[in-house]
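To keep things clear, I will list the structure first and then write my remarks on it.
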Amino acid sequence: NAGVTQTPKFQVLKTGQSMTLQCAQDMNHNSMYWYRQDPGMGLRLIYYSASEGTTDKGEVPNGYNVSRLNKREFSLRLESAAPSQTSVYFCASSDSIPGTSENEQFFGPGTRLTVL
Amino acid sequence: GNSVTQMEGPVTLSEEAFLTINCTYTATGYPSLFWYVQYPGEGLQLLLKATKADDKGSNKGFEATYRKETTSFHLEKGSVQVSDSAVYFCALSERSTSYGKLTFGQGTILTVHP
């Protein structure tokens, strides 16, 4: 049981390049999330997927796209990377039930992205 | 909208000292409250949670009480260890929002010296 896995762990891009961050979970969770972590700003939600086949924007979606490929996998794509997207990216999943608020989110180890 | 405010860090303590990290929140409904911990080079993991007013969450010697009257969820530990050095995040999840989305505070860096 690996939990939440992310690839790659580190990536350096040049401005304008594209890439896809991969995330997979093996806990049969319905909901998955992408966050970015910047110094002094906590974690901010980029996109989330409440269930397979649905995706919604979070707090900071500009410059990103997502795909919920199946129940296990949720990818984040940067179409044209910018230096402002230099950050640490975390994927998370939870077994969220509509109308409740107490479900724990499980986090992956993160991807450290630098855009030059 | 929802928001979480944590005490500014970094916090530096000696081993066996008492720890308090303050957390206050703003929410329109009835949130659940969480403390997550991030050890160096790792992702976040749940430390403790409380789902209603006056609940006390506890784990690994850490405690936090859900105080609705002061909208607070302060994290405490009686005697910290070097291994507690990490970043601590307070967060809330509100029932009225969709599917367990979390709102995080900015994080507090804790360093414990021997």
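Convention: sequence-line order gives letters A, B, ...; per-chain numbering from 1.
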Does any backbone or side-chain atom of B/E42 lie under 4.5 Å from a heavy atom of chain A? Answer side chain, backbone, both or neither.
backbone

Under 3.5 Å donor-acceptor, B/Y36 side chain and A/Q105 backbone
yes

Would B/L46 end up clustered with B/V4 when hydrophobic side chains under 4.5 Å apart are linked, directly or stepwise?
no

State plainly whether one hydrophobic cluster holds both B/Y25 and B/F34, where clusters connect Ile, Leu, Val, Met, Phe, Trp and Tyr through side-chain heavy atoms under 4.5 angstrom apart.
no

Check the hydrophobic clustering (I, L, V, M, F, W, Y; side-chain heavy atoms under 4.5 Å; chains of links allowed) and say if A/F90 and A/F74 are grouped together.
no

Give, as side chain, backbone, both or neither, the part of B/Q38 having an atom under 4.5 angstrom from any heavy atom of chain A.
side chain

Of the backbone (N, CA, C, O) and the side chain (C-beta and beyond), which part of A/L45 lies under 4.5 Å from a heavy atom of chain B, both, or neither?
side chain

Does CZ in A/R112 sit with more than 12 non-hydrogen atoms of other residues, nucleotides or ligands closer than 6.0 Å?
no

Counting heavy atoms not belonging to A/F10, are there more than 12 under 6.0 Å from its CZ?
no

Are A/L113 and A/V60 grouped together when hydrophobic residues (ILVMFWY) are joined by side-chain heavy atoms under 4.5 angstrom apart?
yes

Please determine whether side-chain contact (heavy atoms from CB on, under 4.5 Å) holds for the pair A/Y35 and B/L102, giving the CA-CA distance in whole Å, both sets of side-chain angles, and the decisive distance to 0.1 Å.
CA-CA 10 Å; A/Y35 294 91; B/L102 287 170; 3.8 Å; yes

Look at A/P39, A/G42, A/A92 and state which one has the largest set of heavy-atom pairs under 4.5 Å with chain B.
A/G42

Structural part of A/E59 lying under 4.5 Å from a heavy atom of chain B
neither

